[in-house]
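Structure first, commentary second.
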Amino acid sequence: MRVLVVEDEPLLADAITEWLRDEPHAVDVAYDGAAALERLTVNDYDVVVLDRDLPGVHGDDICRELAGVGTGAGAEAGAGAGAGAEAGARAGTTARVLMLTAAAEVADRVAGLTLGADDYLTKPFAFAELAARVQALGRRSRPAAPPVLRRAGIALDPARREVFRDGRYVPLSKKEFAVLTELLRADGSAVSAEQLLEKAWDEHADPFTGAVRLAVLKLRRKLGEPQIVETVTGVGYRIV
């Protein structure tokens, strides 16, 4: 999954980011509301982990933007660039929002959910619980998929992070696993390199490095013969 962590305490933000990357997910981080809005205009996220009390553009306003229930962020941010980012963030997103806050009263949780948040977690929290909630929200952000993805003799279990080909266990790296997951989810349709880069790498990935091509090459070697990952010229890759 592609996850955006929005948290103004750098130590906490970085800790959440590293924990989620170990899951593994492709994770970007923003330390204030304005930066979060900019990233939301550029990237397609499955889940946004959103601190409520942010400087500049408040977390409540970002949540409203994502839920499409109105906005006050432009006025509070006081910048034309921010207003443009808000419009982009609001358009067509399917991202689920997990709101983080130190406010633990029932009224605060109700207010957060009313703003459009999909889930609500109070600080302090256990990282394992946060990761489980992110995983659950990620499943809701996409069309329902079977518990085990199967095609061409491949069986991929996302929960156990295990891959088998014709009953043989195939050890994969995090990136290889993420690429194979996207290809299996496409159910025979071609997936572009850009789409794979979007879902399996974070914003620091250079689209010109050939990272996707290298990951697919390694994946083919590990899956063995006969080859089932096909290159569709000018389009991308698919599992035949």
Side-chain angles (χ1 to χ4, degrees), residues 1-33 35-37 39-40 42-54 59-60 62-67 89 93-104 108-109 112-113 115-149 156-162 173-175 177-182 184-185 195-205:
M1 288 189 300
R2 189 75 182 267
V3 181
L4 175 63
V5 174
V6 189
E7 166 62 58
D8 66 324
E9 296 181 26
L11 289 178
L12 178 57
D14 294 345
I16 294 172
T17 298
E18 291 307 312
W19 186 280
L20 292 177
R21 282 175 178 165
D22 283 340
E23 284 303 300
H25 304 303
V27 186
D28 299 332
V29 61
Y31 301 108
D32 59 62
L37 288 173
R39 284 165 174 77
L40 286 163
V42 176
N43 302 312
D44 180 20
Y45 294 101
D46 297 295
V47 179
V48 178
V49 179
L50 178 64
D51 181 28
R52 189 170 185 183
D53 189 16
L54 293 171
D60 287 0
I62 296 174
C63 189
R64 290 190 187 97
E65 293 292 338
L66 290 170
T93 183
T94 59
R96 303 290 181 170
V97 178
L98 171 58
M99 185 173 281
L100 301 179
T101 182
D108 295 310
R109 296 198 297 271
L113 294 171
L115 288 169
D118 299 280
D119 200 358
Y120 196 99
L121 187 60
T122 57
K123 302 176 182 178
F125 52 82
F127 285 106
E129 180 182 1
L130 182 143
R133 288 174 181 256
V134 167
Q135 189 70 34
L137 289 176
R139 289 194 297 267
R140 291 165 54 189
S141 72
R142 297 180 172 195
V148 176
L149 300 173
L156 182 149
D157 187 331
R160 295 178 179 272
R161 295 180 202 149
E162 293 179 339
S173 70
K174 294 177 182 178
K175 292 298 185 232
F177 188 92
V179 168
L180 182 58
T181 299
E182 293 303 318
L184 287 170
R185 288 184 65 91
Q195 288 173 303
L196 292 173
L197 196 68
E198 175 75 25
K199 292 299 182 183
W201 280 263
D202 61 30
E203 65 183 351
H204 300 295

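Basis for what follows: all heavy atoms, side chains included, without hydrogens, waters or symmetry-related copies. In this chain, residues are counted from 1 in sequence order.
Between Y45 and D28 the shortest side-chain heavy-atom distance falls below 4.5 Å. Looking at I16 and F127, their side chains come closer than 4.5 Å, going by heavy atoms from C-beta outward. Between L98 and V48, every side-chain heavy-atom pair lies at or beyond the 4.5 Å cut-off. Side chains of I62 and L40 form a contact here, defined as non-hydrogen atoms less than 4.5 Å apart. By the 4.5 Å heavy-atom criterion applied to side chains, D46 and V3 are not counted as neighbours. Contact annotation: the side chain of T17 never approaches that of W19 to less than 4.5 Å [non-hydrogen atoms, C-beta and beyond].
With sequence neighbours left out, E162 forms a side chain to side chain donor-acceptor pair (under 3.5 Å) with no residue at all. Considering only residues two or more places apart in sequence or on other chains, D14 meets the side-chain contact (heavy atoms from CB on, under 4.5 Å) condition with Y31. A search for side-chain contact (heavy atoms from CB on, under 4.5 Å) contacts involving A178 returns A200, not counting sequence neighbours. The side-chain contact (heavy atoms from CB on, under 4.5 Å) check on E18 picks up R21, with sequence neighbours excluded. Judged as a side chain to side chain donor-acceptor pair (under 3.5 Å), and not counting sequence neighbours, the contacts of D22 are K174.
Using modelled atom types, no side-chain atom of R161 and backbone atom of D157 make a donor-acceptor pair closer than 3.5 Å. In this structure a side-chain-to-backbone donor-acceptor pair under 3.5 Å is present from D118 to V97. No side-chain donor-acceptor contact under 3.5 Å links R52 to the backbone of M99. The backbone N or O of L54 lies less than 3.5 Å from no partner atom in the side chain of D51, so there is not a single donor-acceptor pair.
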Pairs under 3.5 angstrom only: tabulate donor-acceptor contacts from the side chains of residues 5-13 to other protein residues two or more places apart or in another chain.
residue: E7; atom: OE1; partner: K123; partner atom: NZ; Å: 2.9
residue: E7; atom: OE2; partner: E9; partner atom: N; Å: 3.0

Practice prompt. Go through L4 and V49 one step at a time and tell me if the side chain to side chain contact (heavy atoms under 4.5 Å, CB included) criterion holds.
Written response: CA-CA 6 Å; L4 175 63; V49 179; over 6 Å; no
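Here the closest non-hydrogen pair linking V47 and M1 is CG2-SD, 4.4 Å.
At a threshold of 4.0 Å, the pair D119-R133 counts as salt-bridged, since one of the basic side-chain nitrogens sits closer than that to a carboxylate oxygen. No salt bridge links D44 with R2; every basic N to acidic carboxylate O contact stays at or beyond 4.0 Å.
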